[in-house]
Amino acid sequence: MNDILDTRLMHPREQVALVMTRIYRRGLTTTSGGNISVMDENGDIWISPSAVDKGSLRASDIVCIRKDGTIEGLHKPSSEFPFHRAIYGIRPDIKAIIHAHPPALVSFSIARTTPNTNILSQAHQVCGPIGYAEYELPGSEALGAKIADEFTRGYKAVIMENHGTVVGGCDLMDTFQRFETLEFSARTILYGKAVGTPEYLKDEDVDAFEAQLPTPLPEMASVSYPPDEREKRAEICKIVHRACTQGLMFSSYGTISVRWKDNDFLITPTDVPRWDLQVDDVVQIKDGRREPGKNPSRTTYLHQEIYRKHPEINSIIITQSPYLMAFSVTGASFNVRTIPESWIFLQDVHTLEFGTQFAGRTEIPDLVSKSNPAVLIKNDCVVVTGNQLLQTFDYLEVAEFSAKSLVMCASIGAMVPINNEQVEELRKKFIKD
């Protein structure tokens with residue numbers, strides 16, 4: 001099975017099997033839980049089967065329910081097919097559905113509330129407001145009616161009381177991005193509550209972020225791809241896929257750039273899901289111009305300014321990872337004086353206000369440096385810089401592990417940091433000017 005989700009050319013059965021595999025491997029469903037469907041142009045519905053291991057699902061396992069009700073396949077269709085059918089029946093704009101029991105969203109479902117997607121700027125854009133369907137027997141027509149009623153209100157994502165979540169979209173790629181982003185938002189809120197009080201963006205904050213984005217860079221007249229440039233493209237793709245696998249990026253968010261030569265660099269695009277990034281998707285930025293026909297990350301302006309100000313920085317990662325975002329959305333102190341490695345790699349990580357990432361602002365380029373490789377932006381992201389890309393990715397991993405330790409520590413007692421004297425010992429032994 002192809003590892004790249006191509007909703008234009010890939011058969012629906014392959015799409016369903018691939019996305020279910022991703023969800024299972026990310027720990028967002030269980031061996032028996034969850035179901036996915038796609039409605040094709042003919043009105044036929046392709047759905048995951050009942051009682052088949054989600055960890056080893058193959059395209060040949062996917063069941064087709066024809067428009068006339070005929071069932072074709074090796075297995076029975078998912079027992080939750082009634083609500084898939086109900087949603088398709090009342091929302092012609094929805095062509096794919098994911099239902100699963102991801103842990104954070106189940107937490108909201110059993111607390112009988114919904115996550116506020118204004119916790120992060122892009123979550124508001126990708127997910128929108130969230131519906132809520134009261135409990136009914138799984139697989140029942142009554143459950144289908146309750147869920148469909150929420151979708152008639154315009155929602156594309158619904159929390160199912162004491163059950164899980166159901167998410168729809170214009171195709172399976174759109175649906176998967178919404179599902180992954182919603183679970184990430186829920187985790188961010190829950191982890192944030194362990195270290196502080198989550199704060200939410202106002203709608204006008206999100207609108208201000210969208211409004212400040214600069215116009216696209218002009219296109220190059222011609223472009224070349226020498227061997228060193230191609231090597232950097234492959235390196236970027238490798239690290240992006242690794243970050244997705246490890247939960248440090250997800251479909252709808254994450255940017256990597258690498259300096260090529262002088263202030264020219266390569267950067268990930270804005271319109272390609274991170275899981276599916278390919279070498280030819282990466283965008284070359286040269287002399288302030290972009291590779292023809294491609295849309296670089298919307299944070300390209302920030303990468304440009306960091307490279308211009310800091311010749312010692314050769315790679316940048318901007319992303320959202322769940323434990324770091326717990327500190328981002330609460331403003332709680334992210335004290336990396338946890339273990340020697342954390343402080344040696346990161347030293348002291350500052351948190352800047354939402355808005356400092358806007359085009360034209362200088363706070364981030366002024367702050368990051370060899371001695372301050374990482375910075376958190378409230379309700380938005382973490383920015384990590386370094387010399388080589390693998391080093392920068394290592395810094396990101398160390399930062400996320402440190403944040404995770406602090407979140408877990410909160411349940412057993414207050415963190416006791418390495419003291420100033422110990423920090424000075426580390427500085428003298430490991431930090432080179």
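What you see is a predicted model; the values in this text were computed from it and never measured. Position 1 is the first residue of the sequence; numbering continues from there.
- Residues Thr319 and Leu248 approach most closely at OG1-O, 2.7 Å, considering heavy atoms.
- Put simply, OG on Ser402 and CZ on Phe345 are 10.5 Å apart, with the number rounded to the nearest 0.5 Å.
- Counted by atom type alone, Glu397 and Gln246 present one or more donor-acceptor pairs between their side chains at under 3.5 Å.
- Side-chain N or O atoms of Thr113 include none that pairs as donor or acceptor with a backbone N or O of Phe108 at under 3.5 Å.
- Annotation: side chain of Thr181 is not in contact with side chain of Tyr253 (no heavy-atom distance under 4.5 Å).
- For the pair Val336/Gln347, no side-chain contact is recorded, criterion being any heavy-atom separation below 4.5 Å from C-beta on.
- Interatomic distance, OG1 of Thr299 versus CD1 of Ile267, reported as 5.0 Å (0.5 Å rounding).
- Asp44 places a side-chain heavy atom less than 4.5 Å from the side chain of Trp46.
- Side chains of Phe393 and Arg242 form a contact here, defined as non-hydrogen atoms less than 4.5 Å apart.
- Side-chain polar atoms of Asp380 and Ser121 form a donor-acceptor pair below 3.5 angstrom.
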(request) Go through the steps to decide whether His163 and His99 satisfy the test ring-ring contact (aromatic ring centres under 6.0 Å, His included), and finish with yes or no. (result) CA-CA 10 Å; His163 194 152; His99 162 58; 4.8 Å; yes

(request) Determine, stepwise, if the pair Val368 / Ile313 fulfils side-chain contact (heavy atoms from CB on, under 4.5 Å). (result) CA-CA 9 Å; Val368 294; Ile313 291 175; 4.2 Å; yes

(message) Is there a side-chain contact (heavy atoms from CB on, under 4.5 Å) between Ile318 and Val382? Walk through the geometry before answering.
(response) CA-CA 6 Å; Ile318 299 179; Val382 58; over 6 Å; no

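- Remark: Glu150 engages Arg153 in a salt bridge, criterion side-chain N to carboxylate O under 4.0 Å.
- Minimum interatomic distance between Val158 and Phe151 (heavy atoms only, all atoms of both residues): CG2-CE1, 3.6 Å.
- A donor atom on one side chain and an acceptor atom on the other are found under 3.5 Å apart for Asn118 and Asp203.
- In this structure, the side chains of Gln15 and Leu18 stay at 4.5 Å or more apart for every pair of heavy atoms.
- For the side-chain contact (heavy atoms from CB on, under 4.5 Å) with Ile47, the lone residue among Val16, Val38, Ile36, Ile65 that qualifies is Ile65.
- Here the CD1 atom belonging to Ile306 is positioned 10.0 Å from the OH atom belonging to Tyr301, to the nearest 0.5 angstrom.
- Enclosure of atom NZ in Lys309 by more than 12 non-hydrogen atoms of other residues, nucleotides or ligands within 6.0 angstrom is indicated.
- Atom OG of Ser342 is separated from atom CD1 of Ile339 by 4.0 Å, given to the nearest 0.5 angstrom.
- Closest of all the heavy-atom pairs between Ile256 and Met249 is CG1-CE, 3.5 Å.
- Contact between Ser252 and Gln122 at its shortest, heavy atoms only, is OG-NE2, 3.9 Å.
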(request) Give the intermediate values and the outcome of salt bridge (charged side-chain N to carboxylate O under 4.0 Å, His left out) for residues Glu305 and Arg361. (result) CA-CA 10 Å; Glu305 191 62 15; Arg361 299 287 291 265; over 6 Å; no

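- Considering CG of Leu406 and CE of Met408, their distance stands at 11.0 Å, rounded to 0.5 Å.
- No donor-acceptor contact under 3.5 angstrom links the side chains of Thr30 and Tyr24, judged on distance only.
- Closest heavy-atom contact between Arg187 and Ala104: CG-CB, 3.4 Å.
- Side-chain polar atoms of Ser257 and His303 form a donor-acceptor pair below 3.5 angstrom.
- In this structure, the side chain of Thr362 does not engage the main chain of Asp366 through any donor-acceptor pair within 3.5 Å.
- Under a 4.0 Å N-O distance rule, the pair Lys294/Glu291 qualifies as a salt bridge.
- Crowding of Met415 atom CE: a count of heavy atoms from other residues, nucleotides or ligands under 6.0 Å exceeding 12.
- A distance of 8.5 Å separates CG of Leu277 from SG of Cys244, quoted to the nearest 0.5 Å.
- Between the side chains of Asn420 and Arg337, a donor-acceptor pair is found at a separation under 3.5 Å.
- Salt bridge absent: Lys404 and Glu400 never bring a charged side-chain N and a carboxylate O closer than 4.0 Å.
- Using bins of under 30°, 30° to 60° and over 60° for the plane-to-plane angle, the ring pair Phe354/Phe358 lands in the perpendicular bin.
- Side-chain contact, Ser37 with Tyr88: a donor N or O sits under 3.5 Å from an acceptor N or O.
- Remark: Glu231 CD is loosely packed, at most 12 non-hydrogen atoms of other residues, nucleotides or ligands lying under 6.0 Å away.
- With respect to Asp276 and Arg22, a salt bridge is recorded, a charged nitrogen being found less than 4.0 Å from a carboxylate O.
- The existence of a salt bridge linking Lys202 and Glu204 is excluded, since no basic side-chain nitrogen approaches an acidic carboxylate oxygen closer than 4.0 Å.
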(request) May I have the step-by-step check of side-chain contact (heavy atoms from CB on, under 4.5 Å) for Val329 and Lys378, ending in yes or no? (result) CA-CA 6 Å; Val329 302; Lys378 283 189 177 180; over 6 Å; no

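- The residues Arg91 and Asp93 are annotated as salt-bridged, a charged nitrogen and a carboxylate oxygen being separated by less than 4.0 angstrom.
- Looking only at side-chain heavy atoms (C-beta outward), Ile377 and Ile364 come within less than 4.5 Å of each other.
- Salt bridge status for Glu312 with Lys370: absent, with no side-chain N to carboxylate O gap under 4.0 Å.
- Annotation: side chain of Met325 is in contact with side chain of Leu120 (closest heavy-atom distance under 4.5 Å).
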(request) For Asn295 and Val283, run side-chain contact (heavy atoms from CB on, under 4.5 Å): C-alpha distance rounded to whole Å, both residues' side-chain angles, the deciding distance at 0.1 Å, then the answer. (result) CA-CA 7 Å; Asn295 297 312; Val283 186; over 6 Å; no

(request) In sequence, state the C-alpha distance, the side-chain angles, and the governing distance for Asp174 and Arg178, and then conclude on salt bridge (charged side-chain N to carboxylate O under 4.0 Å, His left out). (result) CA-CA 6 Å; Asp174 177 49; Arg178 186 165 294 111; 3.2 Å; yes

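- Between Arg298 and Glu210 there is a salt bridge, since at least one side-chain N of the basic residue sits less than 4.0 Å from a carboxylate O of the acidic one.
- Residue Phe401 places its CZ atom among 12 or fewer non-hydrogen atoms of other residues, nucleotides or ligands, all under 6.0 Å distant.
- Judged by distance alone, with hydrogens and angles left aside, the side-chain atoms of Asp228 form no donor-acceptor pair with the main-chain N or O of Trp260 at under 3.5 Å.
- Taking 4.5 Å as the limit, some side-chain heavy atom of Ile147 sits within range of a side-chain heavy atom of Ile87.
- Using a cut-off of 4.0 Å between Lys/Arg side-chain N and Asp/Glu carboxylate O, Glu229 and Arg233 are scored as salt-bridged.
- For Gln278, the CD atom is densely surrounded, since the number of other residues' heavy atoms within 6.0 Å is greater than 12.
- Of the possible donor and acceptor atoms, one in the side chain of Gln212 sits under 3.5 Å from a partner among the backbone N and O of Phe209.
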(request) Show your reasoning for whether side chain to side chain donor-acceptor pair (under 3.5 Å) applies to Ser109 and Glu161. (result) CA-CA 5 Å; Ser109 87; Glu161 186 174 279; over 6 Å; no

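- In this structure, Leu105 and Ala186 approach most closely via the heavy-atom pair CD2-CB, 3.7 Å.
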